[in-house]
Amino acid sequence: MIAFLKSLGQLKRYPSAVGGIIIIILLIALAVYAVSTIPYSEAIRLWRGGEDVWGESPRLAAPVWVDWFNRQKMSHSIIVSSLDGTAERTETDGGKTQLLTFPVHYAYDNFPEEIVIFFTSHYADKPPHVALKWYTPDGREIRITETSAKAAQTYRPGQDSKLTRRLKGTVAEMGFFQDPESETRKVLKGDYKMVMEIHTFEQDSTVDAKLVMHGQVSGLAGTDDRRRDLMVALLWGTPVALAFGLLAALGTSVTTMIIAAIGVWYGKWIDATIQRVTEVNMILPFLPILIMVGTLYTRSIWVILGMSILLSIFGSGIKSYRAVFMQVKESPYIEAAKAYGASDLRIIFRYMIPRVIPMLIPQLVTAIPSFVFLEASLALLGLADPVLPTWGKVINDARSQGALFHGQYYWMLEPAVLLMLTGLGFAMLGFALDRIFNPRLRGL
Amino acid sequence: MSLAPGFSVEQKVSERMDDSTALPVNETGSGPQQKRVSGFQRVLRFTARRFVALFLTVLVGVYLTIVIANMGGAVDELRKGEIAQSIAMGVSMNPEMRRLDPEKRAQIIEEMTRLQEQRLGLDQPFAIRSLTFLRNAMLLDLGFAENLTSDSGSRFVRAIILERLPPTLLLMGMSYLLLFFISVFFALYLSRRYGSFLDRLVVTLAPTSSAPAWFYGLFLILIFAVFLGVLPYSGMVSAPPPANKFVYAASVARHLILPVAAVIVAAIWSSTYSWRTFFLIYSSEDYVEMAKAKGLSSREIENRYVLRPTLPTIITNFALLLIGLWTGAIILETVFNWPGLGRLFYSAINIYDTPVIVGETVIYAYLLAVTVFVLDFVYVLVDPRVRIGGGSEGA
């Protein structure tokens with residue numbers, strides 16, 4: 001045991017091992033952070049949410065750090081609402097006419113992606129009447145629209161053809177912010193405001209409104225085509241990937257080792273059966289069986305995990321462990337154990353298996369990334385877990401929505417970088433462990 | 001085959017370590033208990049035993065595949081439902097039938113469904129059907145696909161597979177053969193220059209191979225197709241396909257660059273690393289030191305004392321690689337839209353086309369069995385330490 005710990009201490013001498021350990025610790029920290037800040041059910045609710053959850057977030061917005069690489073400042077999302085007090089409410093005419101003022105400070109070089117105005121109003125019979133106007137910093141006044149505010153309503157100025165005609169053929173997203181002096185389409189920076197004049201016809205009738213200007217960038221991770229913040233998937237993908245990789249690698253290698261030890265110790269028909277099962281399993285197509293299970297039964301990540309462990313147990317690993325156990329079985333100390341009358345199971349678990357653990361550890365660590373990538377591979381075939389957000393699913397979404405063709409590189413690169421980091425971290429550590437524990441490799 | 005693409009690397013390392021500790025591969029047991037028999041008899045007995053064992057392995061493996069691909073008979077139920085629905089639709093659309101009274105019509109529908117099920121053999125229980133499937137599969141009578149057709153419209157599984165074979169062989173053959181030869185020769189070169197900058201570079205980069213080929217494929221597409229725009233995104237040939245044969249070949253070659261590069265970039269470092277380590281282990285043997293002391297040239301040492309004892313492993317790897325080509329790479333082919341066997345397999349699974357799934361698997365199983373069988377004899381030729389039938393026929 002002490003020798004074992006001492007060998008672990010040798011890791012310090014391998015820079016790649018240190019790098020790997022640092023990456024793994026960071027990933028574990030990220031996983032813990034994800035699980036503690038976003039509970040499981042919340043993560044699923046967010047990831048499965050539609051417009052109700054993500055209405056305020058823009059579609060296909062790049063991450064904010066894209067700005068750092070461009071001279072032009074991309075537009076951020078601006079949300080002004082009368083509900084949280086960011087819009088100012090003034091009452092005139094004894095409460096019958098209300099003015100809602102939505103101040104908008106616009107200092108970006110690009111136009112907003114999309115402008116949406118959400119109304120909610122309370123009334124018994126007659127809906128209140130609202131008139132919307134847009135004021136630019138250079139003092140122009142643009143009439144947006146007049147309408148009666150139904151209980152819950154959404155108005156998109158960009159899709160209003162009358163408004164577009166009034167803006168001389170430019171859509172509202174551009175027309176509102178365009179500098180009239182410039183030849184090219186340029187943003188006039190400054191303080192804008194939208195004023196909403198509300199006429200109510202009943203005593204307690206009120207109107208609330210929210211002005212949402214979707215930007216081109218949003219959050220540290222950006223959003224996808226369904227307005228979801230990718231950060232949810234990136235964060236939650238970490239514990240899922242680590243758990244899948246660790247459990248699968250652990251389950252596979254430990255079981256394989258135990259089965260190989262039992263086969264070698266008892267020999268005869270048990271050994272022969274294990275050998276034959278391994279050979280049959282080598283013929284069975286691994287990935288296709290997983291795909292079949294995913295297509296015909298369930299896509300739950302835990303079932304897929306169980307299947308991958310089951311199919312990998314009788315892999316070629318059994319043959320290599322068997323070769324090692326054959327040598328161990330002939331060692332004098334095993335004979336000594338037999339002589340004092342140790343039981344079969346005692347010999348297997350107390351004498352044979354501990355001897356092989358140094359061989360197990362590097363294999364276990366290097367097997368983790370392959371299972372992490374296996375999950376991503378299945379996701380790429382559309383067989384990911386239906387509810388859990390995973391990195392593979394984000395890559396699959398990005399691929400199927402043509403992110404690369406449309407220039408939304410962040411969408412594919414973010415999960416890919418995380419996958420790569422996970423792979424590298426465990427592989428770097430595993431390779432170093434292999435060199436420490438495998439005496440034939442030492443110094444090579 | 002039995003593992004996803006990403007596995008190959010670690011596997012090779014561990015297999016190789018195994019081989020190096022326990023060569024000769026087959027004969028780990030010791031031979032003294034063996035009765036003395038004449039050489040020819042021994043060879044005969046060994047051959048027969050191996051043959052029977054491998055045949056049984058293939059039989060069981062293929063049967064399991066049949067059961068799994070049919071989901072233990074669940075696919076039959078799906079198919080029965082499909083038939084009943086399509087016949088009911090057909091009858092209700094037929095104006096002549098519409099005039100019949102409902103009872104009569106139901107009877108006709110039932111009769112037609114029964115006939116159709118009988119024609120497809122669906123009236124028999126799955127246990128019996130699976131045995132028929134097994135016999136046909138083992139006789140390589142691959143039969144008809146349920147829904148898939150080849151591009152020429154044929155329903156023969158054989159025709160479908162043969163049509164998809166050339167693209168897969170082209171892609172996988174090109175990439176894996178290149179990978180194999182580059183890494184073996186690069187590794188030999190490195191093992192001579194142990195500790196050099198290149199050597200350390202390979203050791204450092206080896207962990208990057210933990211990501212599978214399709215993963216690097218995405219990055220290659222991003223760089224060479226999106227940013228630089230010099231190579232096509234995916235597919236096998238530009239559309240419409242050029243009429244001129246040479247232009248066609250050039251177009252295929254251009255489409256081939258990225259997927260082949262993806263495979264090589266993904267695996268080259270760790271593959272070279274493991275081969276290099278393997279060669280290094282063998283070049284630190286005493287007899288190599290002895291040869292050095294005798295003053296033999298490094299080329300002679302390499303040929304006689306390093307390559308010779310490692311030959312069985314090299315051959316095994318090469319042979320397994322060759323049959324590994326058969327299944328193609330499902331995900332790589334999906335990412336690059338390559339019309340090969342891997343994607344065929346995937347689409348077959350998606351529409352429950354069991355004959356195609358079983359057809360591909362049975363051919364793979366046979367190829368694997370034949371290769372293992374042949375390898376047993378090849379070892380005898382290349383490794384004088386191995387004697388046919390010597391020791392237990394365990395591994």
Side-chain angles (χ1 to χ4, degrees), chain A residues 16 20 271-272 275-276 279-292 295-297 311-312 315-317 319-320 322-324 326-327 359 363 366-367 369-370 373-374 376-377 380-381 395 399 404-405 407 409 412-413 416 419-420 423-424 426-428 430-431 434 438 440-441 444, chain B residues 1-7 10-11 13-15 17-18 20-22 28 53 56-58 60-62 64-65 68-69 71 74-75 194 204 206-212 214-215 218-219 221-222 225-226 233 277 280-281 327 330-331 334-335 345-346 349-350 352 357 361 364-365 368 394-395:
Chain A
S16 67
D271 190 35
Q275 295 300 309
R276 295 294 93 76
E279 276 153 22
V280 168
N281 193 43
M282 278 171 153
I283 288 178
L284 291 182
F286 178 80
L287 197 55
I289 288 184
L290 284 189
I291 298 172
M292 282 184 227
T295 321
L296 290 156
Y297 283 130
L311 288 170
S312 317
S316 61
K319 302 242 169 197
S320 28
R322 184 172 176 271
V324 178
M326 286 295 233
Q327 291 175 339
M359 183 185 158
Q363 282 198 2
T366 24
S370 27
F373 276 104
L374 173 69
S377 306
L380 209 68
L381 296 173
I395 294 187
R399 232 182 67 79
L404 289 186
F405 296 87
Y409 309 123
M412 186 169 284
L413 285 180
L419 270 175
M420 188 78 241
L424 269 184
F426 285 104
M428 276 154 73
F431 273 69
D434 203 20
N438 204 330
R440 302 200 67 154
L441 290 175
L444 291 185
Chain B
M1 167 71 171
S2 62
L3 290 164
F7 284 73
E10 293 78 31
Q11 199 136 333
V13 179
S14 67
E15 262 167 34
M17 296 301 97
D18 164 33
S20 62
T21 51
T28 34
L56 285 177
T57 311
V58 171
V60 176
V62 169
L64 279 178
T65 312
I68 295 168
M71 283 290 144
V75 171
Y194 167 62
T204 317
T208 57
S209 300
S210 61
W214 63 260
F215 186 78
L218 293 178
F219 283 95
I221 292 176
L222 184 66
V226 180
Y233 281 84
T277 314
L280 276 177
I281 288 172
T327 46
I330 294 182
I331 303 171
T334 309
V335 166
F345 214 141
Y346 180 53
I349 290 168
N350 270 334
Y352 317 131
I357 302 173
T361 313
Y364 175 76
L368 186 67

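Throughout, protein chains are lettered first and strands after them, A, B, ... in sequence-line order, and every chain is numbered starting at 1.
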Engineer: If you tally heavy-atom pairs under 4.5 Å against chain B, which of A:Ala416, A:Ser16, A:Gly430 wins?
Structural biologist: A:Ala416
Engineer: Taking A:Leu404's backbone N and O only, do any of them form a donor-acceptor pair with B:Tyr233's side chain (distance below 3.5 Å, no angle check)?
Structural biologist: no
Engineer: Measure the OG1-CE distance between B:Thr204 and A:Met428 for me, rounded to the nearest 0.5 Å.
Structural biologist: 9.0 Å
Engineer: For B:Ala206 versus A:Phe431, what's the shortest heavy-atom pair and its separation?
Structural biologist: CB-CE2, 3.5 Å
Engineer: Could you tell me which portion of B:Ala69 (side chain, backbone, both or neither) has an atom closer than 4.5 angstrom to a non-hydrogen atom of chain A?
Structural biologist: both
Engineer: Need one label for B:Leu368: side chain, backbone, both or neither, based on atoms under 4.5 Å from any heavy atom in chain A.
Structural biologist: side chain
Engineer: What's the shortest heavy-atom distance between A:Phe373 and B:Phe215, and which atoms?
Structural biologist: CE2-CD1, 3.7 Å
Engineer: For B:Val58, what residues pass the side chain to side chain contact (heavy atoms under 4.5 Å, CB included) criterion, not counting sequence neighbours?
Structural biologist: A:Ile283, B:Val62, B:Met138, B:Ala365, B:Tyr366, B:Ala369
Engineer: Using heavy-atom distances under 4.5 Å, tell me whether A:Ala376 contacts chain B through its side chain, its backbone, both, or neither.
Structural biologist: both
Engineer: Taking all non-hydrogen atoms of both residues into account, name the closest pair between A:Arg399 and B:Val335 and its distance.
Structural biologist: NH1-O, 3.5 Å
Engineer: Answer whether the closest heavy-atom distance between the side chains of A:Glu279 and B:Val60 falls below 4.5 Å.
Structural biologist: no
Engineer: Roughly how far, to the nearest 0.5 Å, is the CG atom of A:Leu287 from the CD1 atom of B:Ile331?
Structural biologist: 5.0 Å
Engineer: Heavy-atom distances under 4.5 Å only: say whether B:Ile357 touches chain A with side chain, backbone, both or neither.
Structural biologist: side chain
Engineer: Let me know if A:Met359 has heavy atoms under 4.5 Å from chain B in its side chain, its backbone, both or neither.
Structural biologist: neither
Engineer: Mind checking the CD1-OG1 spacing from A:Ile289 to B:Thr65? Nearest 0.5 Å is all I need.
Structural biologist: 6.0 Å
Engineer: For B:Thr208 versus A:Met420, what's the shortest heavy-atom pair and its separation?
Structural biologist: O-CE, 4.0 Å
Engineer: Would you call A:Leu380 and B:Thr334 a side-chain contact if the rule is heavy atoms closer than 4.5 Å?
Structural biologist: no
Engineer: At a heavy-atom separation under 4.5 Å, does A:Leu290 approach chain B through its side chain, its backbone, both, or neither?
Structural biologist: neither
Engineer: Taking all heavy atoms of A:Ala427 and all of B:Ser210, pick out the closest pair and write down the distance.
Structural biologist: CB-CB, 3.8 Å
Engineer: If you count heavy-atom pairs under 4.5 Å between each of A:Leu381, A:Ile291, A:Val280 and chain B, which one has the most?
Structural biologist: A:Leu381
Engineer: Who pairs with A:Leu413 by side chain to side chain contact (heavy atoms under 4.5 Å, CB included), at least two apart in sequence or on another chain?
Structural biologist: A:Tyr409, B:Phe219, B:Leu222
